[in-house]
Amino acid sequence: MSCLPRQDWALAPVGVWRCCRPASPEGWEGCGPRHPRKGWRAAKILPTARLGRTLPLPSPWLGSQLPKGTGTRTRTEMAAPSQPHQATYDAIVIGAGIQGSFAAYHLAQRHRDTLLLEQFILPHSRGSSHGQSRITRSAYPRVPYARMMPDSFRLWQRLEAEAGTSLYRRTGLVVLGPAGNPELEGCRHSLRAGEVLDAAALAQRFPGLRLHAGEMAVWDGTGGVLFADRALRAVQEVFRRHGGTLRDGEKVLRIDPGAVLTVTTTAGTYRAPRLIIAAGAWTGALVAPLGLHLPLQPLRIDVCYWGEKEPRSPGTGRPGPCFMAMGLPQAPHGIYGLPALEYPGLVKVCYHHGSPTDPEERDRVPLGAPHPDIALLSSFISSYLPGLEPRPAVVETCLYTNTPDEDFILDKHPKFSNIIIGAGFSGHGFKLAPVVGKLLCELSLGEEPSHSTAPFAITRFPGVLRAAL
């Protein structure tokens, strides 16, 4: 059975803020199955409660931040802090995911009076920036990204210092695949000190990972886990600290271009001489009335967590490494995994692909719809990760917004040079968000970008500029 819209459900009793499909119809209690270790389940909110805009119960982390006795809070109370309305800004950024938030952060650092607009009440899980973890790494098969990663690591460290919180945990990364695979070789060449591991060396260092005949692994010692939710909060908090304005729950209805642009939302009208659009899966709909038809494909991704057959006791030993599998015939889009840091005893392993979706209808999956990606992952786990159970314990969802070549779009609108677009991050943009935000900021200010944006030009896609509606 499929998930209904998130606003129709709450989680109880533990209050883990998630929305999952059940493993079977028998496990259906609202929006998801009972967690095998945490014991949560989903319960439907009554319509009268929805009228009061009741949120799901806070997560354990969030609950620890609330004043004692607060209990469940309303959406209004959980939204971005109220800030005074004004009509004119130096810059407007549409989309408060990780890319748009970093673009706004860099503008505020440059002392530009910046408005950051988000269509949903924060925090939310409707886009691509929610969840607790993302992989970061230096190993990259594509040279432009490999060149950007040192700057990205440096900027993440700067944000950690500014926010006074840890945003990254180094675990190392294993990249595995067939020997001689071009992507795997590209990763190896991107590492100055990358270590090649054969099956015996990998088994000795990481007993939970297997290689097969004709395969090899590359070790990236810089790899690790970014704490995604914490990072998004941190960049938004520092943005506001530098004078930025964040307004959530405001859907953009209209963009009127000009030397001074006008952005009309459900709550007001704002003007600025520059605009950055970083609205994820909604970017295509925003730029189409501006005569731009970008080849963006939103994908619904299954985010799967798999139980360890012999879970380690909490606090004992170091977490295992992150990993990526490239070039496997049975998984042409690649598989990635992160250690059991989010849920005790549950390892995150996902297929780097999904099914086409409308972002407004992401949770409406037909009853009994097949999930070939999960079957693919189960087969991979049985062969490469035998220490994990072959069926997922928890399944969540996320959105990718892919371009045909899976490279980003970072460019000016071909007709309106004061409209900058960041889109198509294709499931590998989170780790690079500090640099992406800096590039979008530089483009909006008319500065020479600190990294070449030629690989990310809109013009690489023919026929995208059409008559405005």
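It should be emphasised that the depicted structure is a prediction, and the values quoted were computed from it without experimental measurement. For reference, positions follow the sequence shown, starting with 1.
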Given 3.5 Å as the limit, does a donor-acceptor pair link the side chain of [X] with the main chain of [Y], or not?
X: Arg112; Y: Thr114; value: no
X: Glu118; Y: Phe120; value: yes
X: Thr459; Y: Ala457; value: no
X: Thr269; Y: Thr264; value: no
X: Asn418; Y: Pro273; value: yes
X: Ser128; Y: Leu399; value: yes
X: Arg230; Y: Gln132; value: no
X: Asp248; Y: Leu122; value: yes
X: Gln99; Y: Gly429; value: yes
X: Ser101; Y: Ile98; value: no

Please give me the minimum heavy-atom distance between [X] and [Y], naming the atom from each residue.
X: Glu250; Y: Thr266; answer: CA-OG1, 3.6 Å
X: Pro321; Y: Leu209; answer: CG-CD1, 4.4 Å
X: Ser190; Y: Ala146; answer: CB-CB, 3.9 Å
X: Tyr168; Y: Gly223; answer: OH-O, 3.6 Å
X: Val175; Y: Cys187; answer: CG1-SG, 4.3 Å
X: Ile135; Y: Gly337; answer: CD1-O, 3.6 Å

### Task
Please state whether the rings of Phe430 and Trp156 are parallel, tilted or perpendicular, taking 30° and 60° as the class boundaries.
parallel
### Query
Would you call the rings of Phe380 and Phe323 parallel, tilted or perpendicular if under 30° counts as parallel and over 60° as perpendicular?
parallel
### Query
How far apart are the C-alpha atoms of Leu292 and Val464, what are their side-chain angles, what is the distance that settles it, and do they pass the side-chain contact (heavy atoms from CB on, under 4.5 Å) test?
CA-CA 6 Å; Leu292 194 59; Val464 296; 3.8 Å; yes
Got a sec, which residues hit side-chain contact (heavy atoms from CB on, under 4.5 Å) with [X], two or more places apart in sequence or on another chain?
X: Ser379; value: none
X: Glu237; value: Arg233, Arg240
X: Asp358; value: Glu360, Glu361

Nearest 0.5 Å please: distance from the [atom1] atom of [X] over to the [atom2] atom of [Y].
X: Leu173; Y: Leu338; atom1: CG; atom2: CG; answer: 9.0 Å
X: Leu261; Y: Tyr89; atom1: CG; atom2: OH; answer: 15.0 Å
X: Tyr351; Y: Asp373; atom1: OH; atom2: CG; answer: 6.5 Å
X: Arg137; Y: Leu226; atom1: CZ; atom2: CG; answer: 11.5 Å
X: Ile419; Y: Ile276; atom1: CD1; atom2: CD1; answer: 11.5 Å
X: Ile335; Y: Cys304; atom1: CD1; atom2: SG; answer: 10.5 Å

### Query
Under 6.0 Å between ring centres, would you say that holds for Phe408 and His428?
yes
Suppose we screen for side-chain hydrogen bond (donor to acceptor under 3.5 Å, both in side chains). Which residues come up paired with [X], at least two apart in sequence or across chains?
X: Tyr145; answer: Asp407
X: His242; answer: none
X: Ser138; answer: Thr222
X: Tyr384; answer: Glu215

Any side-chain heavy-atom pair of [X] and [Y] under 4.5 Å:
X: Leu107; Y: Phe239; answer: no
X: Lys438; Y: Asp151; answer: yes
X: Leu376; Y: Gln330; answer: no
X: Pro356; Y: Pro298; answer: no
X: Val174; Y: Trp219; answer: yes
X: Val347; Y: Ile381; answer: no
X: Ile374; Y: Pro392; answer: yes
X: Pro257; Y: His413; answer: no

Partner set under salt bridge (Lys or Arg N to Asp or Glu O under 4.0 Å) for [X], not counting sequence neighbours:
X: Lys431; value: none
X: Arg147; value: none
X: Asp256; value: Arg254

I'd like a table of donor-acceptor pairs (distance under 3.5 Å, sequence neighbours excluded) in which one partner is a side-chain atom from residues 439-446, with atom names and distances.
unit_1 : atom_1 : unit_2 : atom_2 : d
Glu442 : OE1    : Ser450 : N      : 2.8
Glu442 : OE1    : Ser450 : OG     : 3.1
Glu442 : OE2    : Ser450 : OG     : 3.2
Ser444 : OG     : Cys441 : O      : 2.7

### Message
Could you check whether Arg110 pairs with Glu447 (Lys NZ or Arg NE/NH1/NH2 to Asp/Glu carboxylate O, under 4.0 Å)?
### Response
yes
### Query
Which side chain to side chain donor-acceptor pair (under 3.5 Å) pairs, counting each pair once, include a residue from residues 158-167, with sequence neighbours left out?
Tyr105-Arg158, Tyr105-Glu162, Gln109-Glu162
### Message
Could you go through Ser133 and Lys348, starting from their C-alpha distance and side-chain angles, then the distance that decides it, and tell me whether this counts as side-chain contact (heavy atoms from CB on, under 4.5 Å)?
### Response
CA-CA 9 Å; Ser133 65; Lys348 183 177 180 178; 3.2 Å; yes
#### Entry: Verdict with reasoning, Leu294 to Ile421, per side-chain contact (heavy atoms from CB on, under 4.5 Å)
CA-CA 10 Å; Leu294 298 176; Ile421 299 162; 4.1 Å; yes
### Message
Checking Val252 against Gln119 for the side-chain contact (heavy atoms from CB on, under 4.5 Å) test, could you report, in this order, the C-alpha distance in whole Å, the side-chain angles of both residues, the deciding distance, and whether it holds?
### Response
CA-CA 7 Å; Val252 172; Gln119 65 173 322; over 6 Å; no
